[in-house]
*Asks:* 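Pasting a structure below so you can have a look.
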2 protein chains.
Amino acid sequence: MVIIPPMQRLTTQRQAILDLINTSNRHWDAEEVNRELSDRGQPVGIATVYRGLTALDEAGLISSVQLADRKRYERADKSHHDHMVCVECGSIEEFSHHKIEALQEAAAQEKGFELTGHQLVLFGRCAACTGVKK
Amino acid sequence: MVIIPPMQRLTTQRQAILDLINTSNRHWDAEEVNRELSDRGQPVGIATVYRGLTALDEAGLISSVQLADRKRYERADKSHHDHMVCVECGSIEEFSHHKIEALQEAAAQEKGFELTGHQLVLFGRCAACTGVKK
DNA sequence: GGTGGAATGATAACCATTATCATTACCACC
DNA sequence: GGTGGTAATGATAATGGTTATCATTCCACC
Ligand SMILES: [Mn+2]
Ligand SMILES: [Mn+2]
Ligand SMILES: [Zn+2]
Ligand SMILES: [Zn+2]
């Protein structure tokens, strides 16, 4: 059950950000969105990109992940999943394991914790990088 | 099997940082270590604190967690565990669930990923904060 | 006691993100 | 279709955590 606080206005700039993310499978950071929109001829100021990403995220129209240092955004029309990041090439893979989710909930309850979210990131070397070793 | 690259020198400053962390159960950030050491009358420059924490961490003498924004350090003589952070009061609880660890490994293998580490943080409201609700 | 590599600490730089603020766009209503 | 009010924009400054720089100090070893 996701609460969606209505965004006040879905402006041209925010629509552009939304379209960009919705028609890709990438995990975008603000800088990349800014650059890509410029390349496509509809530049949006970097501050507006940051605000737009936050607003769209809060509205549930896109979703976000905190990956190591920077925050990244992706399409919201996928079911919940977590991420593994290749420490060598930076590629991002997705996975989901309902048992892990269930066990997290169990661990929280054991401590009297009321879970509101979690962040699970696996680090390692992807298949490509382990195969092509050196 | 933990590889411990030898630190070149365990200086007075680094020993002070190490002692501070080893005799507490807290999760310290650099700023807190810096302030506490000053309060105790053995001030260590903030840059030295950052370098010391990194060096001690790499040497395996303390361990680190990336909690949301800042990096925090704790005693290394505990077995592996993950953390839940109360979004209301900031308190940190520890938990460990060997099944979660095992399932992470399984998920990684499924993708051909060679795991080197992971980061799991649960967010929510702690028992104290849910109980004393307003 | 001299010498070279490490470590220190003050400070500047970095970098992702947020705040400020004047300007512009959009909306509801008259 | 004007007009007033609120949101959004974008240039820019500021913030905050962390790393880089560099002159100085420390220390192990010859
Ligand atoms: Mn994803
Ligand atoms: Mn801990
Ligand atoms: Zn890779
Ligand atoms: Zn709490």
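On a predicted model such as this, the values are computed, not experimentally measured, just so you know. In what follows, chains are A, B, ... by sequence order, proteins preceding strands, each numbered from 1.
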*Asks:* Give a yes or no on whether a donor-acceptor pair under 3.5 Å exists between the nucleobase atoms of D:dT6, that is its base, and the side chain of A:R9.
*Replies:*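 Per atom types, the contact qualifies.
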
*Asks:* Give a yes/no on whether any side-chain N or O of A:Y50 is located under 4.0 angstrom from OP1 or OP2 of C:dT18.
*Replies:*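 Checking C:dT18 against A:Y50, no side-chain N or O comes under 4.0 Å of OP1 or OP2.
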
*Asks:* In this structure, are over 12 heavy atoms from other groups packed under 6.0 Å from B:K99 atom NZ?
*Replies:*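 Count not over threshold, so no.
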
*Asks:* Between B:A30 and B:T12, which is nearer to the 5' end of DNA chain D once each is assigned its nearest nucleotide?
*Replies:*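 Per heavy-atom nearest nucleotide, the more 5' residue is B:A30.
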
*Asks:* Please tell me if B:T11 has a side-chain N or O lying less than 4.0 Å from either OP1 or OP2 of C:dA6.
*Replies:*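 No, because none of the side-chain N or O atoms of B:T11 sits under 4.0 Å from OP1 or OP2 of C:dA6.
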
*Asks:* Whole angstroms only, please: what is the CZ-P distance between A:R35 and C:dC15?
*Replies:*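 For the pair A:R35 CZ and C:dC15 P, the rounded distance is 14 Å.
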
*Asks:* How do A:P43 and B:R51 order along DNA chain D: which one's closest nucleotide is nearer the 5' end?
*Replies:*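 Result of the comparison: A:P43.
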
*Asks:* Rounded to whole Å, please give me the gap between CG in B:L53 and P in D:dG17.
*Replies:*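 Nearest whole value for this atom pair: 14 Å.
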
*Asks:* Round to the nearest Å and state the distance from B:Y73 atom OH to D:dT18 atom P.
*Replies:*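 Atom OH in B:Y73 sits about 7 Å away from atom P in D:dT18.
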
*Asks:* Let me know the distance between CD of B:Q42 and C1' of C:dT8, rounded to the nearest Å.
*Replies:*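 Those two atoms, CD and C1', are 15 Å apart.
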
*Asks:* If you assign each of A:A47 and B:G52 to its closest nucleotide in DNA chain C, which residue comes earlier from the 5' end?
*Replies:*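 Comparing both residues, the 5'-ward one is B:G52.
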
*Asks:* Answer yes or no: is there a side-chain heavy-atom contact under 4.5 Å between B:L122 and A:L115?
*Replies:*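 Yes. Closest side-chain heavy atoms under 4.5 Å.
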
*Asks:* Classify A:Q13 by what it touches in the nucleic acid, base, sugar-phosphate, or nothing, heavy-atom distance under 4.0 Å.
*Replies:*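 Contact class for A:Q13: sugar-phosphate only.
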
*Asks:* Within this structure, what is the CD1-to-C1' distance between B:I46 and C:dA10, rounded to whole angstrom?
*Replies:*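 Taking atom C1' of C:dA10 as the reference, CD1 of B:I46 is at 12 Å.
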
*Asks:* In whole angstroms, how far is the C1' atom of D:dC27 from the CG atom of B:L10?
*Replies:*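 Spelled out: CG on B:L10 to C1' on D:dC27 is 14 Å.
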
*Asks:* Between C:dG9, D:dG17, C:dT18, which one does the side chain of B:R70 approach most closely?
*Replies:*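 The closest nucleotide is D:dG17.
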
*Asks:* Please confirm whether B:H80 and B:H118 have ring centers closer than 6.0 angstrom.
*Replies:*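 So the answer is yes for these two rings.
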
*Asks:* Is any side-chain nitrogen or oxygen of B:T48 closer than 4.0 Å to OP1 or OP2 of C:dG9?
*Replies:*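 Answer yes for this pair, as a side-chain N or O of B:T48 is under 4.0 Å from OP1 or OP2.
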
*Asks:* How many whole angstroms separate atom CD of A:Q8 from atom P of C:dC26?
*Replies:*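 Spelled out: CD on A:Q8 to P on C:dC26 is 15 Å.
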
*Asks:* I want to check something: taking the side chain as every heavy atom from C-beta on, are A:V33 and A:E36 in contact at a cut-off of under 4.5 Å?
*Replies:*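 Sidechains of A:E36 and A:V33: no contact.
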
*Asks:* Could you go step by step and tell me if A:F95 and B:E110 meet the side-chain contact (heavy atoms from CB on, under 4.5 Å) rule?
*Replies:* CA-CA 9 Å; A:F95 73 96; B:E110 212 168 283; over 6 Å; no

*Asks:* So what does A:R14 hit on the nucleic acid, given a heavy-atom distance under 4.0 Å: a base, only sugar-phosphate, or nothing?
*Replies:*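 The residue A:R14 makes sugar-phosphate contact but no base contact.
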
*Asks:* In whole angstrom, what separates B:Q15's CD from C:dT8's P?
*Replies:*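 One finds 12 Å between P of C:dT8 and CD of B:Q15, rounded.
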
